[in-house]
2 protein chains.
Amino acid sequence: MKRKENSTNAINEQFLFQVCELNSAIAMISGRWKSQIVYSIAEGNNRFHLLKRELVNISEQVLGRQLKELEMHAIIVKREIPGSVPAGIEYLLTNKGRDLVPILQHLCDWGKVYAGGKGIAVPESDMHEESVAV
Amino acid sequence: MKRKENSTNAINEQFLFQVCELNSAIAMISGRWKSQIVYSIAEGNNRFHLLKRELVNISEQVLGRQLKELEMHAIIVKREIPGSVPAGIEYLLTNKGRDLVPILQHLCDWGKVYAGGKGIAVPESDMHEESVAV
DNA sequence: GTTCCGACTAACAATTTTGTTCGTTATTGC
DNA sequence: GCAATAACGAACAAAATTGTTAGTCGGAAC
């Protein structure tokens, strides 16, 4: 998380952020477990130990870090559960996070449609006239 | 691009790929310049030098690498332009790539709506009854 | 009164991504 | 013939991400 500020990498990242919000959006969801965590929280696994159980291979340290990053990006919020003993902590999607879920669903569907190289072709409409003529 | 195959990192990546296609989808679009390249090609900048001009800070080597990766994921295809002199090369979106563009547009819109932390809140419907009752 | 669970943080190491340096091929313009 | 443009590839270095080791803190179970 220590960024170098003046590295070419960081400068290029900033450049892309300015070109289009698309790039910052992708930066927010592209961590190793991040979008799966958002998805799991949306499905109700909104506690640390529930997420840990769901994402079997994740370590607690990595999970904590990803959650903190999602929180920094205001996709989730951390909250103490008031009535619980011992006082537990839950994670909730913000409306930003909530709006993200259907987009993730689209990505999921897209991935499924073309899984394993099925159905891939160049649409004829993209072909040049030259190539058709020759 | 030399992957270690047996690293925890690679194993976890594979695990996520199996959990949901969402994760492989995100892996395909999360390279530094990748989604911006897809976008630019969709807008007609479908030649190497056009992309280079558009993405001012990118080096030719990095651009070539990103293009190759997009090609491996069957999001774009490389093609010689038949009638051109000198015979140039163009990049076309496959239908897979074409279907991706509206999703990127959604992500872009999502990014814009919540840019700079505007409009972020936890929806009331997510609150626990306990918290409301207390 | 020690150990376990939930929920973490900090520092370090392994792995991966990104950028850089150098070189290539083929053609065009001068 | 010589530089310039288009379109790259390989190998290496810098930077960033991901995973690991060790440890914390408060309550609960035994």
Side-chain angles (χ1 to χ4, degrees), chain A residues 1-16 23 26-37 45-72 76 78-81 84-91, chain B residues 1-16 23 26-37 45-72 76 78-81 84-91:
Chain A
M1 302 315 156
K2 296 165 190 174
R3 291 204 147 259
K4 274 263 176 132
E5 280 295 314
N6 276 10
S7 65
T8 307
N9 192 321
I11 291 166
N12 286 346
E13 192 178 42
Q14 285 304 312
F15 167 76
L16 284 169
N23 298 294
I26 285 179
M28 287 186 226
I29 61 172
S30 55
R32 171 64 77 248
W33 305 85
K34 245 171 246 172
S35 47
Q36 190 60 49
I37 289 172
N45 294 333
N46 62 341
R47 300 283 306 267
F48 196 92
H49 63 280
L50 294 176
L51 288 165
K52 190 164 133 55
R53 194 185 305 163
E54 178 110 327
L55 309 169
V56 285
N57 293 306
I58 204 170
S59 74
E60 301 185 351
Q61 297 70 18
V62 170
L63 177 55
R65 201 156 51 196
Q66 302 294 319
L67 285 168
K68 199 161 65 172
E69 282 177 38
L70 285 170
E71 209 191 341
M72 284 196 318
I76 62 174
K78 199 198 298 195
R79 221 171 55 96
E80 274 197 29
I81 306 174
S84 65
V85 180
I89 285 174
E90 66 178 358
Y91 295 93
Chain B
M1 300 315 157
K2 296 167 191 173
R3 293 203 144 260
K4 274 263 176 128
E5 282 293 315
N6 275 11
S7 65
T8 309
N9 191 322
I11 290 166
N12 285 347
E13 193 178 42
Q14 286 302 313
F15 167 76
L16 284 169
N23 298 295
I26 286 179
M28 287 185 226
I29 61 172
S30 56
R32 170 62 80 244
W33 307 84
K34 244 170 247 173
S35 46
Q36 191 59 49
I37 289 173
N45 294 332
N46 62 341
R47 300 283 305 267
F48 196 93
H49 63 280
L50 295 176
L51 288 165
K52 191 164 133 55
R53 194 184 303 162
E54 178 111 328
L55 308 169
V56 285
N57 292 306
I58 203 170
S59 74
E60 302 184 350
Q61 296 70 21
V62 170
L63 176 55
R65 201 154 53 195
Q66 301 294 317
L67 286 168
K68 200 162 66 171
E69 282 177 38
L70 285 170
E71 210 191 340
M72 283 197 319
I76 63 176
K78 198 197 300 194
R79 221 170 56 95
E80 274 196 29
I81 306 174
S84 67
V85 179
I89 285 174
E90 66 177 358
Y91 295 93

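Because the structure is predicted, anything quoted here is derived from the model rather than measured. Residue numbers begin at 1 in each chain, while the letters A, B, ... track the order of the sequences.
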S.K.: Identify, between A:E13 and A:Y91, the residue whose nearest nucleotide on DNA chain C lies closer to the 5' end.
M.R.: A:Y91
S.K.: Closest heavy-atom contact between B:I11 and B:N6?
M.R.: CD1-O, 3.7 Å
S.K.: Report the residues that fulfil side chain to side chain donor-acceptor pair (under 3.5 Å) with A:S59, sequence neighbours left out, ordered by chain and then residue number.
M.R.: A:Q61
S.K.: B:L16 CG to D:dT18 P: how many Å, rounded?
M.R.: 11 Å
S.K.: Please report the distance, rounded to the nearest Å, between CD1 in B:I81 and P in C:dT27.
M.R.: 16 Å
S.K.: Does OP1 or OP2 of C:dT18 have a side-chain N or O of A:N12 closer than 4.0 Å?
M.R.: no
S.K.: Less than 4.0 angstrom between a side-chain N/O of B:K52 and OP1 or OP2 of D:dA7, yes or no?
M.R.: no
S.K.: Whole angstroms only, please: what is the CD-P distance between A:E90 and C:dG6?
M.R.: 16 Å
S.K.: If you define the side chain from C-beta out and look only at heavy atoms, does anything of A:E71 sit under 4.5 Å from A:I76?
M.R.: yes
S.K.: side-chain contact (heavy atoms from CB on, under 4.5 Å) with A:N9: which residues, sequence neighbours excluded?
M.R.: A:S7, B:R32
S.K.: Just N and O in the side chain of B:W33: are any of them under 4.0 Å from OP1 or OP2 of C:dG19?
M.R.: yes
S.K.: Can you name the nearest heavy-atom pair linking B:E54 to B:N45, along with the distance?
M.R.: OE1-ND2, 3.0 Å
S.K.: What does nucleotides 11-16 of chain C look like as a protein-contact string, B for base, S for sugar-phosphate only, - for none, at under 4.0 angstrom between heavy atoms?
M.R.: B---SS
S.K.: Can you name the nearest heavy-atom pair linking A:S30 to B:I26, along with the distance?
M.R.: CA-CG2, 4.1 Å
S.K.: Choosing from D:dG19, D:dT20, C:dG6, which nucleotide comes nearest the side chain of A:S59?
M.R.: D:dT20
S.K.: Mind checking B:K78 for me? I need base, sugar-phosphate or nothing, with any heavy atom below 4.0 Å counting as a touch.
M.R.: sugar-phosphate
S.K.: Rounded to whole angstrom units, what separation is found between the CD atom of B:E60 and the C1' atom of D:dA10?
M.R.: 15 Å
S.K.: Quickly work out the A:E80 CD to C:dG6 C1' distance and round it to whole Å.
M.R.: 12 Å
S.K.: Taking CD1 from B:I37 and C1' from D:dA7, how many angstroms apart are they, rounded to a whole number?
M.R.: 14 Å
S.K.: With respect to the phosphate group of C:dA7, does any side-chain polar atom (N or O) of A:H49 fall under 4.0 Å of OP1 or OP2?
M.R.: yes
S.K.: Work out which heavy atom in B:L63 is nearest to a heavy atom in B:K52; give both atom names and the distance.
M.R.: CD2-N, 3.8 Å
S.K.: Both A:G31 and B:K68 contact DNA chain D. Which one's nearest nucleotide lies toward the 5' end?
M.R.: B:K68
S.K.: For the pair made of NZ in B:K34 and C1' in C:dT18, what is the distance, rounded to whole Å?
M.R.: 11 Å
S.K.: Round to the nearest Å and state the distance from A:L70 atom CG to D:dT18 atom C1'.
M.R.: 15 Å
